[in-house]
Number of protein chains: 2
Amino acid sequence: MDVKFSIDRTSPVPLYFQLSQQLEAAIEHGELLPGTLLVNEIDLAGRLGLSRPTVRQAIQALVDKGLLVRRRGVGTQVVHSQVRRPLELSSLYDDLAAAGQRPATRVLDITAVPAPAEVAGALGVAEGTEVHRIERLRLTHGAPLAYLRNYLPAGRRPPARADLEATGLYRLMRAAGTTLHSARQSIGARAATPGEAELLDESPGAPLLSMHRTAFDDSGRPVEYGTHLYRASRYTFELQLLIRS
Amino acid sequence: MDVKFSIDRTSPVPLYFQLSQQLEAAIEHGELLPGTLLVNEIDLAGRLGLSRPTVRQAIQALVDKGLLVRRRGVGTQVVHSQVRRPLELSSLYDDLAAAGQRPATRVLDITAVPAPAEVAGALGVAEGTEVHRIERLRLTHGAPLAYLRNYLPAGRRPPARADLEATGLYRLMRAAGTTLHSARQSIGARAATPGEAELLDESPGAPLLSMHRTAFDDSGRPVEYGTHLYRASRYTFELQLLIRS
DNA sequence: GTCAATATATTGTCCTGACAAACTATTGAC
DNA sequence: GTCAATAGTTTGTCAGGACAATATATTGAC
């Protein structure tokens, strides 16, 4: 029995995207089992009334996502699952919400400060330039999980306290018209200082995960710099990556 | 003055790839400055004697790499640098070598052991099944940096000690015919046990970065599982990621 | 001058067609 | 039986053309 796909030519959704989504759904729902060899492109195109390039574009999208593998002379195969979503700019808030953890945010401070050297370097402004600083504590199940400190260039108005308590920062920035394009992160570890320990309900010297991130917009300008501290006892970073041969 | 590209039709290298590489080189060398608007696709195609789909394919590759941004009705723009290479399966050995750190590897042990539950789960075999265990210490400048423990399914022969001291594990696996496709990593932190502290030349309780990784081949089968410990005082993970809107 | 309507430029999507390259399976020679 | 040559299948690359969607610049009305 073959899985049936249906293409709606009256829809404004691009044809390749329709097919791509239906293929992805079929894989996700287990209708296309791992290891399955897909129908070849030409047949698939004929069957759906599409051209081969359109079918290829749909398949290519899933290859890029890591769900399919193509081999010349062989065919296109469903990857053996376990590979879920590829790496994206993980919004801590969204990640937790997706995991059903119902995150809470306590905004500690929103204020304008002269940029320290580290922040100035990351944001590409002169040292001492005014920037917005946002300090938050993220909690799950009533216990602190992370201490988040973000710096934004002074140009725009900083997000409102109420908004920050209701959702994640990246969502707010996107809503405010900032198009995020890429980010650099560095993840390290260090021992908690007494102040950090108290804030996070840990003992001084306890191991903490530290993450520094600079986010860039379409034109490559830095739009955010954050230095975050996570309780190692309660949090790990999960990544998934594709290997480009 | 326009940057000149040259396409060699007698070469076996695909045309789109030739163009893609020359574009990338021009960006890398600063001949195409960040923010520059590229010549539009149709002109570029005509100028190079290529078809528009071929030019698009070349550009698309760099968009996927995060070097270019396209906007309908506007054009294709060079991203404002700072974004270097996207995330890949970072081989610690290669990373260090690229940074000019001249890594050294001390192979502590290569042996077959019954798989503990954690390893068995990751590799998808029954608990107690024999697997190869490789224990290594990685050093730079004569000082220990990380303690690496890898598990491989027992099917293949384990790599030779001499090879492991000369290069990285992934390179060896690739050379042995394993095609790596994707990997899942989790990065956390914890305090060093006395044994770990001694091995890594740290004090007991010092913060260590821990990384667990499962690597998969084309068909989605796990081919390697590793649990690694890094000295937080000497190492951080650097990631770079693109945001899919 | 300000604003809306129009024109223009550029990428996005889609089609048809063709040949090349790589892998698999079969066939045939020995 | 073993190996090499051959044929068939499937994806990879490339061409050329057409129209749509979107952003920007220009024009015109008020």
Side-chain angles (χ1 to χ4, degrees), chain A residues 5-23 35-64 67-79 177 179 181 217-219 244-245, chain B residues 5-23 35-64 67-79 177 179 181 217-219 244-245:
Chain A
F5 303 106
S6 64
I7 301 298
D8 176 10
R9 296 195 93 98
T10 70
S11 158
V13 178
L15 307 183
Y16 80 89
F17 196 74
Q18 291 184 36
L19 176 54
S20 175
Q21 283 199 316
Q22 290 180 37
L23 273 167
T36 308
L37 219 52
L38 245 61
V39 183
N40 75 59
E41 295 170 352
I42 299 179
D43 278 12
L44 191 54
R47 205 174 296 189
L48 295 172
L50 297 173
S51 70
R52 190 176 159 218
T54 302
V55 171
R56 273 183 73 75
Q57 198 174 356
I59 290 175
Q60 187 60 47
L62 298 184
V63 170
D64 290 343
L67 289 164
L68 295 177
V69 178
R70 290 207 266 211
R71 261 179 292 201
R72 191 193 302 212
V74 180
T76 305
Q77 212 172 3
V78 179
V79 168
T179 61
H181 174 261
D217 71 4
D218 262 5
S219 68
R244 56 171 184 186
S245 49
Chain B
F5 303 106
S6 63
I7 301 298
D8 175 9
R9 281 187 173 273
T10 68
S11 159
V13 178
L15 306 182
Y16 80 91
F17 195 74
Q18 292 183 36
L19 175 55
S20 175
Q21 283 199 315
Q22 290 180 38
L23 273 167
T36 309
L37 220 52
L38 244 60
V39 183
N40 74 60
E41 296 170 353
I42 298 179
D43 278 12
L44 191 53
R47 204 174 298 189
L48 295 172
L50 298 174
S51 69
R52 191 177 159 218
T54 302
V55 171
R56 274 184 72 76
Q57 197 174 357
I59 291 175
Q60 186 60 47
L62 298 185
V63 170
D64 290 343
L67 290 163
L68 296 176
V69 178
R70 292 207 266 210
R71 261 178 291 202
R72 193 191 308 212
V74 180
T76 305
Q77 213 172 3
V78 179
V79 169
T179 61
H181 174 263
D217 70 4
D218 263 3
S219 67
R244 54 169 186 189
S245 46

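On a predicted model such as this, the values are computed, not experimentally measured, just so you know. Chain letters run A, B, ... following the sequence lines, proteins first, then strands; residues in each count from 1.
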Spacing between [X] atom [atom1] and [N] atom [atom2], to the nearest angstrom:
X	N	atom1	atom2	answer
A/Arg9	C/dT13	CZ	P	15 Å
B/Leu19	D/dT13	CG	P	14 Å
A/Gln60	D/dT10	CD	C1'	15 Å
B/Glu41	D/dG16	CD	P	16 Å
A/Ile42	D/dT11	CD1	P	8 Å
A/Arg71	C/dC23	CZ	P	9 Å
B/Leu37	D/dA25	CG	P	11 Å
A/Phe17	C/dC14	CZ	C1'	17 Å

Proximity to the side chain of [X] - top-ranked nucleotide from [options]:
X	options	answer
A/Arg70	D/dA15, C/dT10, D/dT11	D/dT11
A/Thr76	D/dT11, C/dG12, D/dA15	D/dT11
B/Pro53	C/dT13, D/dA15, C/dC23	D/dA15
A/Leu50	C/dC15, D/dT11, D/dA23	C/dC15
A/Leu15	C/dC15, C/dT11, D/dT24	C/dC15

Heavy atoms under 4.0 Å, any strand shown: does [X] hit a base, just sugar-phosphate, or nothing?
X	result
A/Ser51	base
A/Pro14	sugar-phosphate
A/Gly49	sugar-phosphate

Is there a side chain to side chain contact (heavy atoms under 4.5 Å, CB included) between A/Val79 and A/Leu67 once you walk through the steps? CA-CA 5 Å; A/Val79 168; A/Leu67 289 164; 5.8 Å; no
Taking A/Glu41 for the side chain and A/Val55 for the main chain, is one N or O donor matched with an acceptor at less than 3.5 Å?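 Judged by distance alone, no pair lies under 3.5 Å.
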Taking the side chain as every heavy atom from C-beta outward, state whether B/Arg9 and B/Leu50 have any atom pair closer than 4.5 Å.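 Yes. Closest side-chain heavy atoms under 4.5 Å.
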Can you find a pair of side-chain heavy atoms, one from A/Gln77 and one from A/Leu37, that are under 4.5 Å apart?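 With C-beta onward as the side chain, the pair touches.
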Does any nucleotide pair with C/dG12 by Watson-Crick or G-U wobble geometry, both distances under 3.5 Å, and what is it?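 Base partner found: D/dC19.
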Which nucleotide, if any, forms a Watson-Crick or G-U wobble pair with D/dC30, using both distances under 3.5 Å?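 Its partner is C/dG1.
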Here's a test of your reading of the structure: between A/Gly73 and A/Val55, which maps to the more 5' nucleotide of DNA chain C?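 Closer to the 5' end of DNA chain C: A/Val55.
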Taking the nucleotide of DNA chain C with the closest heavy atom to each, which residue, A/Arg72 or A/Val13, is nearer the 5' end?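 The residue mapped nearer the 5' terminus is A/Val13.
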Does C/dC14 have OP1 or OP2 under 4.0 Å away from a side-chain N or O of A/Tyr16?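 No, because none of the side-chain N or O atoms of A/Tyr16 sits under 4.0 Å from OP1 or OP2 of C/dC14.
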Below 4.0 Å: OP1/OP2 of C/dC15 and any side-chain N or O of A/Thr54: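 Yes, within the criterion.
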Please evaluate the base of C/dG12 for a donor-acceptor partner in the side chain of B/Arg52 within a cut-off of under 3.5 Å?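 Looking at the base of C/dG12, it does pair with a donor or acceptor on the side chain of B/Arg52 (distance under 3.5 Å).
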Kindly determine whether A/Val78 and A/Leu38 satisfy side chain to side chain contact (heavy atoms under 4.5 Å, CB included), including the steps that lead there. CA-CA 8 Å; A/Val78 179; A/Leu38 245 61; 4.1 Å; yes
How far apart are the closest heavy atoms of A/Asp8 and A/Leu15, and which atoms are they?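 Scanning both residues, the minimum pair turns out to be O-CD2, 4.2 Å.
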